[in-house]
Amino acid sequence: MDSLPTVLLKPGEADRIVAGHPWIYRGEILRLTRQPADGELVQIKDHRQRFLGVGFFNARSKINVRVLSPERVEINEPFFEGRIRAALAVRQRHLPEATSYRILNAESDFLSGLIVDKYEDVLVVQISSLGMDRRKTQIAAVLQKIFSPRAILERSDMASRKFEGLAEGGGTLAGELGGPVSVKLNGLKFEADLIGGHKTGLYLDQQANYQAVAQFAKGAQVLDCFSFLGGFGLHAARAGAARVHLLDQSAEAIAASQRNAAANGLADQCSFEAVNVFDWLKAQTAVQPHEKVIPRFDLIVLDPPSFTRNRASVPDALRGYKEIHLRALKLLRPGGTLATFCCSHHVDATTFQDVILSAAYDTRRILRRVAIYSQSPDHPVIPMIPETEYLKGFAFEVVR
Ligand code: SAH
């Protein structure tokens with residue numbers, strides 16, 4: 001292990017690493033004892049030669065080192081097996097009933113660059129760092145051993161791979177997959193296209209929130225905006241909503257959510273529209289001067305995609321968030337609930353709430369906050385690693 005190339009950090013740069021953050025940027029490095037190959041394991045020391053841990057090196061990435069362990073461990077199958085079993089235990093503790101969930105969430109589980117999702121008996125792997133990419137065969141072998149899945153797919157189609165010097169990749173690592181997989185979330189069936197769908201197939205990060213928001217749905221007229229496969233809408237329908245209207249601009253997503261409604265025996269309560277939510281809300285709230293919009297929903301869910309790509313796009317994104325909140329609030333009856341989510345890492349919960357309050361002010365609504373949401377516990381938040389926290393949400397009741 002002493003023969004590992006050593007990355008010495010500049011004075012003052014060790015604290016974040018000691019505290020558990022796994023990223024070492026190029027500018028934080030004092031010197032290298034010898035130039036490591038990209039993807040090679042290195043040891044990290046502070047400027048006084050105090051050992052801090054081991055990690056994968058990649059000179060091509062701005063993140064030169066991704067720390068894997070504060071100990072001198074070897075990165076081999078037993079290492080991955082130990083980490084994956086530990087991550088699995090966290091899921092079994094926090095989501096004991098779930099059959100589909102994220103087994104491993106990169107930095108959240110101290111394996112930067114590696115995501116593994118379980119969709120019933122199929123696993124989907126996403127790799128975003130060179131070090132992990134090089135160990136793909138080992139990782140797949142361990143997954144095979146622990147889970148004996150029907151298939152292991154790779155969906156490494158993130159644009160961010162190019163920053164690591166990696167091409168976008170995908171394919172089948174083990175087994176075989178014919179068509180869509182029927183995935184169960186809280187006992188409801190969803191058809192997931194694991195090969196071509198969003199993210200790795202479904203939005204697992206909302207699994208706990210589907211249940212939580214559904215408690216506001218009994219007897220309600222519900223509007224599910226940005227509904228994708230119908231996660232919020234179908235949970236609301238099962239919880240006894242009088243009627244659920246689902247909106248998504250993707251005709252494919254709408255068709256899939258229609259099939260999901262039917263498969264769960266909820267089709268009678270649901271209606272669907274493939275539209276742009278901005279246009280739809282605008283049309284529904286357009287009135288002549290001196291006319292008023294007639295509010296007609298008891299529960300509106302807003303779960304848009306991230307409107308930000310980077311910090312620079314935040315102001316535009318906030319305008320977008322305000323616009324949909326403004327119009328949604330006009331359509332909510334007094335006493336009704338707005339359940340709203342923001343999955344942009346660049347917009348924090350305070351900023352997000354400020355936007356909602358500004359929309360409430362403009363519509364002269366007063367809101368009572370009745371719930372605060374985060375990502376489901378299979379996407380753990382490690383506050384020491386701010387990048388692990390991205391999903392935030394609130395439920396507000398319209399007081400008047
Ligand atoms: N609520 C969903 C996830 C939503 S993801 C769930 O829990 O599964 C965002 C969805 O918004 C995608 O399905 C995308 O097709 C849709 N979308 C993006 N922009 C849109 C727009 N302007 N109008 C309507 N749908 C949009």
Side-chain angles (χ1 to χ4, degrees), residues 16 21 23 25 27 61-63 106-108 128 158-163 198-199 203 205-206 209 213 223-228 232 247-250 253 275-287 293 300-332 337-369 371-375 379 381-396 398:
R16 222 180 74 258
H21 200 288
W23 296 353
Y25 288 98
S61 168
K62 268 200 299 195
I63 302 172
E107 281 76 12
S108 294
S128 60
M158 312 76 92
S160 64
R161 274 172 66 99
K162 70 171 181 285
F163 302 121
H198 291 237
K199 287 210 171 175
Y203 289 86
D205 53 359
Q206 291 284 28
N209 298 331
V213 169
L223 179 66
D224 179 0
C225 298
F226 308 95
S227 56
F228 189 41
F232 283 103
L247 307 175
D248 198 288
Q249 73 179 8
S250 153
V275 284
N276 182 316
V277 166
F278 284 85
D279 296 343
W280 191 91
L281 287 173
K282 200 170 188 174
Q284 299 293 318
T285 51
V287 283
V293 180
I300 298 183
V301 180
L302 297 176
D303 183 27
S306 171
F307 294 150
T308 63
R309 282 229 175 91
N310 45 41
R311 227 157 251 301
S313 59
V314 168
D316 276 345
L318 296 183
R319 273 190 289 280
Y321 285 119
K322 178 156 178 190
E323 159 98 14
I324 53 176
H325 285 89
L326 199 70
R327 298 192 187 274
L329 285 172
K330 290 184 183 174
L331 291 172
L332 261 183
T337 306
L338 175 69
T340 179
F341 294 88
C342 169
C343 61
S344 167
H345 172 67
H346 300 289
V347 176
D348 64 21
T350 311
T351 310
F352 183 47
Q353 177 167 280
D354 283 348
V355 169
I356 301 163
L357 293 186
S358 143
Y361 177 82
D362 288 2
T363 51
R364 300 295 184 268
R365 297 286 200 281
I366 294 178
L367 303 178
R368 177 190 298 123
R369 195 175 68 206
I372 299 181
Y373 305 116
S374 179
Q375 56 225 46
H379 296 59
V381 175
I382 307 292
M384 267 320 305
I385 313 173
E387 294 81 0
T388 58
E389 184 168 21
Y390 64 98
L391 182 64
K392 49 246 139 208
F394 302 107
F396 291 102
V398 177

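By convention here, the first residue in the shown sequence is residue 1. Predicted, not measured: the structure shown is a model, and the values here were computed from it.
Note on ring orientation: taking the six-membered ring where Trp is involved, the planes of Phe396 and Phe394 are tilted (angle from 30° to 60°). Ring orientation note: the planes of Phe352 and His325 are nearly perpendicular, at an angle over 60° on the 30°/60° scale.
Checked for salt-bridge contact, Asp316 and Arg319 meet the test: a charged N lies under 4.0 Å from a carboxylate O.
At least one donor-acceptor pair closer than 3.5 Å links the side chain of Thr285 to the backbone N or O of Leu281. Although no hydrogens or angles enter the test, the distance criterion places a donor-acceptor pair under 3.5 Å between the side chain of Asn209 and the main chain of Ser374. In this structure a side-chain-to-backbone donor-acceptor pair under 3.5 Å is missing from Arg327 to Asp279. With Thr388 contributing its side chain and Ile382 its backbone, the two residues share a donor-acceptor pair below 3.5 Å. Remark: side-chain polar atoms of Gln375 are paired, donor with acceptor, to backbone N or O of Tyr390 under 3.5 angstrom. Listed for the Lys392 side chain is a donor-acceptor partner under 3.5 Å among the backbone atoms of Ser344.
Atom CD1 of Ile356 and atom CZ of Arg369 lie 9.5 Å apart (nearest 0.5 Å). Atom SG of Cys225 sits about 5.0 Å away from atom CG of Leu302, to the nearest 0.5 Å. Taking CE from Met384 and CD from Glu107, the interatomic distance works out to 13.5 Å, rounded to the nearest 0.5 Å. Atom CG of Asp248 is separated from atom CG of Asp224 by 8.5 Å, given to the nearest 0.5 angstrom. Atom OG of Ser108 sits about 10.5 Å away from atom CD of Glu387, to the nearest 0.5 Å. Expressed to the nearest 0.5 Å, how far CG of Leu331 lies from CG of Leu326 amounts to 10.5 Å.
Inter-residue side-chain proximity for Tyr25 and Ile63 is flagged as met; some heavy-atom pair is nearer than 4.5 Å. A 4.5 Å side-chain heavy-atom check between Tyr203 and Asp303 finds every atom pair outside the cut-off. Side-chain atoms of Ile324 and Pro304, non-hydrogen and from C-beta on, do get closer than 4.5 Å to each other.
Aromatic pair Phe341/Phe232: ring centres closer than 6.0 Å.
Between Thr351 and Asp348, the side chains place a donor N or O and an acceptor N or O closer than 3.5 Å (distance only, hydrogens not considered).
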Evaluate the criterion side-chain contact (heavy atoms from CB on, under 4.5 Å) for residue pair Val355 and Val347; output intermediate values, then yes/no. CA-CA 10 Å; Val355 169; Val347 176; over 6 Å; no
